[in-house]
Chemist: 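Quick one: this structure, given as structure tokens, is what I'll be asking you about.
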Amino acid sequence: RIWDLTRPAHLTPVATLHGVPSPAVSAFFSPDGHLLTVTGQETSQLWDVTTPHNPRLLSTSGAARRPAAAGPIVMSGAIQTLNRSPTAPILAVGTDTGTTGLWDVSDPSRPHEIGRLDQSGAIMAVAFSADGRTLATAALNGSIALWDIESPADPRQVLTVTPPAPVLAMGFGPAGL
């Protein structure tokens with residue numbers, strides 16, 4: 001369910017998401033609040049919640065993949081993380097197979113893939129730089145890759161680092177990572 005939390009003492013359900021993975025392991029919104037990812041043990045769903053009272057399923061990925069009603073975002077594995085560019089209608093979608101898709105979501109009902117990044121290990125976090133020209137991807141194997149995505153159709157890996165432990169969340173500060 002999607003809940004209205006504006007009055008915590010009087011929680012109000014706004015909508016029910018039918019067919020979500022059970023049990024749901026995680027649920028998170030894109031930074032702009034328009035997309036919601038719900039992840040279960042073997043599947044992930046991406047929902048357009050631009051109109052919270054009328055959520056639309058965009059895609060299901062993973063073991064129980066099925067087509068969405070319109071404009072599916074189809075990835076090779078379960079969606080683990082997503083983030084939207086602060087400067088362009090581009091969504092980065094990281095999966096458990098090490099693939100990060102770059103999607104043009106200028107029309108949420110018709111998203112289309114414009115680029116793809118490959119890295120070893122499940123992608124656990126993606127972050128855009130403030131200018132939207134660099135994307136960082138963090139994999140469960142411990143590696144972090146920086147990608148030049150000024151041309152999203154032709155992304156270039158510019159750096160890979162391996163911190164002492166896997167990174168599960170990250171972001172860019174005003175001066176960089």
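Worth knowing before you read on, the calculation uses all heavy atoms, side chains too, and leaves out hydrogens, waters and symmetry mates.
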Chemist: Just by distance, do the side chain of Thr51 and the backbone of His53 share a donor-acceptor pair under 3.5 Å?
Modeler: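 No, Thr51 side chain to His53 backbone: no donor-acceptor pair under 3.5 Å.
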
Chemist: Given the rule that I, L, V, M, F, W and Y join up when any side-chain heavy atoms are under 4.5 Å apart, are Leu117 and Phe128 in one cluster?
Modeler: yes

Chemist: Please report the closest heavy-atom contact between Ile90 and Pro152, naming both atoms and the distance.
Modeler: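 Scanning both residues completely, I find the closest heavy atoms to be CD1-CG, 3.6 Å.
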
Chemist: With a cutoff of under 4.5 Å between side-chain heavy atoms, which Ile, Leu, Val, Met, Phe, Trp and Tyr residues group with Leu11?
Modeler: Trp3, Leu5

Chemist: Enumerate the salt bridge (Lys or Arg N to Asp or Glu O under 4.0 Å) contacts for residues 138-148, please, sequence neighbours excluded, ordered by first and then second residue.
Modeler: Asp148-Arg156

Chemist: Under the rule for side-chain hydrogen bond (donor to acceptor under 3.5 Å, both in side chains), what residues qualify as partners of Gln157, not counting sequence neighbours?
Modeler: Thr160

Chemist: I need the Ile149 CD1 to Ile114 CD1 distance, nearest 0.5 Å.
Modeler: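 So the CD1 of Ile149 and the CD1 of Ile114 are separated by 8.0 Å.
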
Chemist: Sorted by first residue and then second, give each salt bridge (Lys or Arg N to Asp or Glu O under 4.0 Å) pair with at least one member in residues 88-102; sequence neighbours left out.
Modeler: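 Every candidate salt bridge (Lys or Arg N to Asp or Glu O under 4.0 Å) pair involving residues 88-102 fails, so no pair, neighbours aside, qualifies.
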
Chemist: Would you name the heavy atoms of Gln80 and Thr95 that are closest together and state the gap between them?
Modeler: CG-C, 3.7 Å

Chemist: Report the residues that fulfil side-chain hydrogen bond (donor to acceptor under 3.5 Å, both in side chains) with Thr87, sequence neighbours left out, ordered by chain and then residue number.
Modeler: Ser85

Chemist: Just how far is it from atom NE2 of His18 to atom CZ of Arg1, taken to the nearest 0.5 Å?
Modeler: 9.0 Å

Chemist: Tell me whether Val167 is reachable from Leu159 by hopping between hydrophobic residues (I, L, V, M, F, W, Y) whose side-chain heavy atoms are closer than 4.5 Å.
Modeler: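 Result: yes, single cluster for both.
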
Chemist: Is any side-chain heavy atom of Thr100 closer than 4.5 Å to one of Arg116?
Modeler: no

Chemist: Shared ILVMFWY cluster between Leu146 and Val161, side chains joined below 4.5 angstrom?
Modeler: yes

Chemist: Taking only residues at least two apart or on different chains, which pairs with a member in residues 9-18 satisfy salt bridge (Lys or Arg N to Asp or Glu O under 4.0 Å)?
Modeler: none

Chemist: Give, for atom CG of Leu36 and atom CG of Leu46, the distance between the pair rounded to the nearest 0.5 Å.
Modeler: 8.0 Å

Chemist: Once side chain to side chain contact (heavy atoms under 4.5 Å, CB included) is applied, do any residues pair with Pro55, and if so which ones, sequence neighbours excluded?
Modeler: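 Partners of Pro55 by the side chain to side chain contact (heavy atoms under 4.5 Å, CB included) criterion, ordered by chain and then number, come out as Ile2, Ala15, Leu17, Trp47, Val49.
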
Chemist: Of the non-hydrogen atoms in Val105 and Arg84, which two are nearest, and what is the gap between them?
Modeler: CG2-NH1, 3.8 Å

Chemist: First locate atom CG of Asp48, then atom CG of Leu57, and finally report the distance between them rounded to the nearest 0.5 Å.
Modeler: 10.5 Å

Chemist: Who are the side-chain hydrogen bond (donor to acceptor under 3.5 Å, both in side chains) partners of Thr6, not counting sequence neighbours?
Modeler: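 With sequence neighbours excluded, Thr6 shows a side-chain hydrogen bond (donor to acceptor under 3.5 Å, both in side chains) to Asp4, given in chain and number order.
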
Chemist: Using every non-hydrogen atom in the two residues, find where Ala130 and Pro86 come nearest and quote the distance to one decimal.
Modeler: O-CG, 3.5 Å

Chemist: What is the distance from atom CD1 of Ile123 to atom CG of Leu82, rounded to the nearest 0.5 Å?
Modeler: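 Here the interatomic distance stands at 13.5 Å.
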
Chemist: Quick check: do Val93 and Asn83 have side-chain heavy atoms less than 4.5 Å from each other?
Modeler: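 Not in contact.
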
Chemist: May I ask whether Leu58 and Leu91 are part of the same hydrophobic cluster, defined by side-chain heavy atoms of I, L, V, M, F, W, Y residues being less than 4.5 angstrom apart, directly or through others?
Modeler: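 Same hydrophobic cluster.
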
Chemist: So how far is it from His112 NE2 to Leu102 CG, rounded to the nearest 0.5 Å?
Modeler: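 Reported to 0.5 Å precision, the distance equals 11.5 Å.
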
Chemist: At their closest point, which heavy atom of Glu113 faces which heavy atom of Gly101, and how far apart are they?
Modeler: OE2-CA, 3.7 Å

Chemist: Counting only pairs under 3.5 Å, give me each side-chain donor-acceptor contact of residues 133-145, with atom names and distances, residues two or more places apart or in other chains.
Modeler:
{"residue": "Thr137", "atom": "OG1", "partner": "Gln119", "partner atom": "OE1", "Å": "2.4"}
{"residue": "Thr137", "atom": "OG1", "partner": "Trp147", "partner atom": "NE1", "Å": "2.9"}
{"residue": "Asn141", "atom": "OD1", "partner": "Ser143", "partner atom": "N", "Å": "2.9"}
{"residue": "Asn141", "atom": "OD1", "partner": "Ser143", "partner atom": "OG", "Å": "2.9"}
{"residue": "Asn141", "atom": "ND2", "partner": "Ser120", "partner atom": "O", "Å": "2.8"}
{"residue": "Ser143", "atom": "OG", "partner": "Gln119", "partner atom": "NE2", "Å": "3.0"}

Chemist: What heavy-atom pair brings Phe172 and Ala127 nearest, and what distance separates the two atoms?
Modeler: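 Reported closest heavy-atom pair: CE1-O, 3.3 Å.
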
